[in-house]
Each structure stands twice: as structure tokens, then as C-alpha cells.
Number of protein chains: 2
Amino acid sequence: MNTPRNQETLARALRKAGLRPTRQRLSLAQCLFANGDRHVTAEALYAEAVAAGYPVSLATVYNTLHQFTGAGLLRQVMVDTNRSYFDSNTSDHHHYFHEETGELVDIPSHAVTVGDLPNMPEGAEVSRVEVVVRVHQRAS
Amino acid sequence: MNTPRNQETLARALRKAGLRPTRQRLSLAQCLFANGDRHVTAEALYAEAVAAGYPVSLATVYNTLHQFTGAGLLRQVMVDTNRSYFDSNTSDHHHYFHEETGELVDIPSHAVTVGDLPNMPEGAEVSRVEVVVRVHQRAS
DNA sequence: CAATAAATTTAGAGTGATTCTAAATTAAAG
DNA sequence: CTTTAATTTAGAATCACTCTAAATTTATTG
Ligand SMILES: [Mn+2]
Ligand SMILES: [Mn+2]
Ligand SMILES: [Zn+2]
Ligand SMILES: [Zn+2]
């Protein structure tokens with residue numbers, strides 16, 4: 001985990017990204033960064049914030065998730081066509097995706113080796129390598 | 001490419017999967033399998049079929065893509081939250097995803113090595129390993 | 001080649017996640 | 001404090017995708 005711990009550190013990170021440290025953004029940051037790494041959907045984070053008594057709207061949750069992603073505090077993981085997942089662990093790593101439960105679990109990046117990449121598209125530059133290991137429940 | 005070449009071969013493959021080789025399914029198969037491997041979205045395939053003068057509805061395109069996927073003739077690639085991509089190459093391989101254009105390009109599977117997978121979820125079994133190399137246009 | 005049964009196609013309505021709009025609120029600056 | 005600009009928000013809108021139910025087509029049977 002390389003994300004800010006307390007309100008002050010986070011507020012500073014937000015300001016540096018040109019984002020005002022508002023009550024909503026600090027509340028959501030609390031949910032996202034206070035207790036280790038998380039993989040959340042917008043709806044799940046919204047439900048959690050509401051349950052915790054934080055005053056936020058769903059629109060703000062979406063706005064905030066995208067702003068945090070733009071600021072490098074979150075990263076988006078593409079595993080499901082119907083839902084966007086956001087990851088509070090922005091360091092280089094990969095994922096298990098449990099097809100039944102929708103749960104994401106980290107895989108350290110050293111477990112995967114990418115060799116020479118053949119037929120790289122002309123004029124293109126690698127921006128990220130994402131490995132998703134889809135798993136399903138073993139037949140009993 | 002390990003997919004059927006001509007109408008007859010394909011019709012046989014469809015029958016084996018319990019799917020009647022209808023005009024629509026054969027038309028779409030023509031688009032998908034006649035000229036090498038393809039990566040298409042439902043909308044793109046629909047536009048293409050309509051342009052080629054094949055009579056198909058968008059609903060049928062969606063149905064067919066899913067049926068073909070179920071029959072193992074296509075595979076779905078998750079790279080974009082807003083769109084489903086279908087790949088006519090069902091053999092083991094990976095992808096470049098060009099973030100600006102949305103284009104997918106194959107990477108042979110031997111270019112990527114996945115080592116021991118740590119912290120495999122309890123009782124889970126790997127169903128597929130997907131590697132996506134996101135690329136963007138190099139700054140000029 | 002009918003006649004019948006079952007699968008398929010389709011237009012259009014419905015869904016659900018996400019985005020947009022425009023008005024109300026709040027944070028920063030003076 | 002005022003003023004200004006950013007932020008929040010409810011609700012409308014969008015968009016990919018799915019569903020429904022009626023019309024059509026395919027396969028089967030006599
Ligand atoms: Mn979730
Ligand atoms: Mn496409
Ligand atoms: Zn992660
Ligand atoms: Zn491919």
C-alpha cells in the first residue's frame with residue numbers, strides 16, 4: 001500500500017492534483033484507503049458510504065472515482081463488461097477474478113513474466129500490462 | 001485460425017452445437033470467419049452485415065455472438081467497460097489494446113509466461129489467463 | 001409435397017450502469 | 001464578510017445490452 005494514511009496527507013495529495021479536499025472526497029478516501037487495499041465498484045462504495053453515515057450522492061461517487069483515478073490514487077480494472085472496478089492498490093500487480101462472486105484478489109507482479117512482445121503496433125508505446133486470471137469454483 | 005472455412009463445414013459445426021444453420025447465422029459466420037481472425041463488437045458486426053446487404057437485426061447479432069461463444073466458435077475479450085469484444089481466434093493467445101482506436105491485436109501465448117500463482121483462492125480452479133497489453137500513441 | 005412442431009428472428013420495450021444538466025451548496029480567495 | 005469558482009446533487013438522459021411476444025423460418029413427419 002503506497003497511499004496516504006491520514007486526512008492531512010490525503011488532503012495534500014488532493015490539492016496537488018488540483019482537487020479540493022471536500023467532505024465527500026475525504027469521506028470516500030477514508031473508505032478507500034483507511035483499511036488496506038480494496039477493489040470496489042461505484043455502487044458498492046456508494047452503499048458503504050451511505051451505511052457509514054457519510055453524506056454522498058451516487059453521482060459524486062462516480063465523479064470522485066474518476067478524479068482519483070486521474071490523480072493516480074486509484075486504478076481501474078477491466079474484468080466485467082457490466083461493472084467498473086476500482087483498485088486502491090496502484091502499484092504494479094495483477095488479479096484473480098472469481099467468476100461466480102465477482103471478487104478480485106491481487107497477484108504480485110513478479111509471478112508473471114512478459115517476454116519480448118512481438119508485432120507491437122507501429123508508433124505505439126506500452127502503457128500497462130494487465131493480467132487477469134479468471135477462476136471458478138472447483139466442481140465438488 | 002482453427003475455424004471452419006466454408007458454409008458446409010460451418011453448418012456442420014453449428015448443427016453439432018445444436019444450432020440450426022439459418023441464413024442469419026451463416027451470414028454472420030461469413031463475416032466472422034471468412035477472412036482470417038477478427039475482433040469485433042456487436043455494433044460493428046451489425047453495421048458490417050447491413051452494409052454487405054445481409055438481412056439481420058441487432059438482436060440477432062447479439063444472440064448469435066453469444067451462441068457462437070457458447071459453442072466455442074468465438075471468445076469474448078474484456079478490455080473496455082463500455083463494449084464487448086468478440087474474437088474469432090479461439091486459440092490460446094493474448095492481446096494488445098490500442099487505447100485511442102479501440103483496436104485489438106493478437107499476441108502469441110508463448111510471449112507471456114505465468115509462473116507459480118501465489119495465493120490462489122481456496123477451492124478455485126483457473127479457467128483462463130488473459131493478458132492485455134494496453135498501448136497508446138507515442139508522443140511525437 | 002403438405003402439415004405440424006419447434007426453433008429462430010425481430011421490432012420495440014425494458015434494464016441497469018453510467019453520464020449529463022442545471023440549480024443549490026460549499027470552499028477558497030480577496 | 002463578499003465574491004468567485006469549484007463541487008455536489010437530484011433527476012433526466014444515454015447507451016449497450018436484454019427481454020418479450022408475435023411473425024417467420026426450419027426441421028420433421030405422414
Ligand atoms: Mn464490488
Ligand atoms: Mn470494433
Ligand atoms: Zn489489485
Ligand atoms: Zn485475438
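What's counted below: heavy atoms across the whole structure, side chains too, no hydrogens, waters or symmetry copies. Predicted model, so just to flag it, every value in this text is computed and none were measured. Proteins get letters first, then strands, A, B, ... in listed order; numbering begins at 1 in each.
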Criterion side-chain hydrogen bond (donor to acceptor under 3.5 Å, both in side chains) on A:Gln24 and A:Thr64, from CA distance to verdict
CA-CA 9 Å; A:Gln24 289 83 341; A:Thr64 302; over 6 Å; no

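- Of the possible donor and acceptor atoms, one in the side chain of A:Thr69 sits under 3.5 Å from a partner among the backbone N and O of A:Leu65.
- Taking the six-membered ring where the residue is Trp, B:His66 and B:Tyr62 present tilted rings, their angle falling between 30° and 60°.
- Atom CD in A:Gln67 sits about 10 Å away from atom C1' in D:dT8, given to the nearest Å.
- Proximity of A:Gln24 to the phosphate of D:dT9: a side-chain N or O atom is located under 4.0 Å from OP1 or OP2.
- None of A:Gln76, A:Arg38, A:His93 except one satisfies the side chain to side chain donor-acceptor pair (under 3.5 Å) rule with A:Asp87; the exception is A:His93.
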Under 3.5 Å, which protein N or O atoms sit close to an N or O of nucleotides 16-19 of chain D? Give each pair with its distance.
{"from": "D:dA16", "atom 1": "OP1", "to": "B:Arg83", "atom 2": "NH2", "distance (Å)": "3.3"}
{"from": "D:dA16", "atom 1": "O3'", "to": "B:Asn82", "atom 2": "O", "distance (Å)": "3.4"}
{"from": "D:dC17", "atom 1": "OP1", "to": "B:Ser84", "atom 2": "N", "distance (Å)": "2.8"}
{"from": "D:dC17", "atom 1": "OP2", "to": "B:Tyr62", "atom 2": "OH", "distance (Å)": "2.6"}
{"from": "D:dC17", "atom 1": "O5'", "to": "B:Tyr62", "atom 2": "OH", "distance (Å)": "3.4"}

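- In summary, the side chains of B:His95 and B:Asp106 do present a donor paired with an acceptor at a separation below 3.5 Å, with no hydrogens or angles considered.
- Close to C:dT25, at under 4.0 Å from its OP1 or OP2, lies no side-chain N or O of A:Arg23.
- Every residue two or more places apart in sequence or in another chain was checked for a side chain to side chain donor-acceptor pair (under 3.5 Å) with A:Asp92, and none qualifies.
- One cannot find a donor-acceptor pair under 3.5 Å joining the base of C:dT8 and the side-chain atoms of B:Arg20.
- A:Thr60 comes within contact range of at least one nucleobase, with a heavy-atom separation under 4.0 Å.
- When the side-chain nitrogen and oxygen atoms of A:Arg25 are compared with OP1 and OP2 of D:dT8, one or more of them lie within a distance under 4.0 Å.
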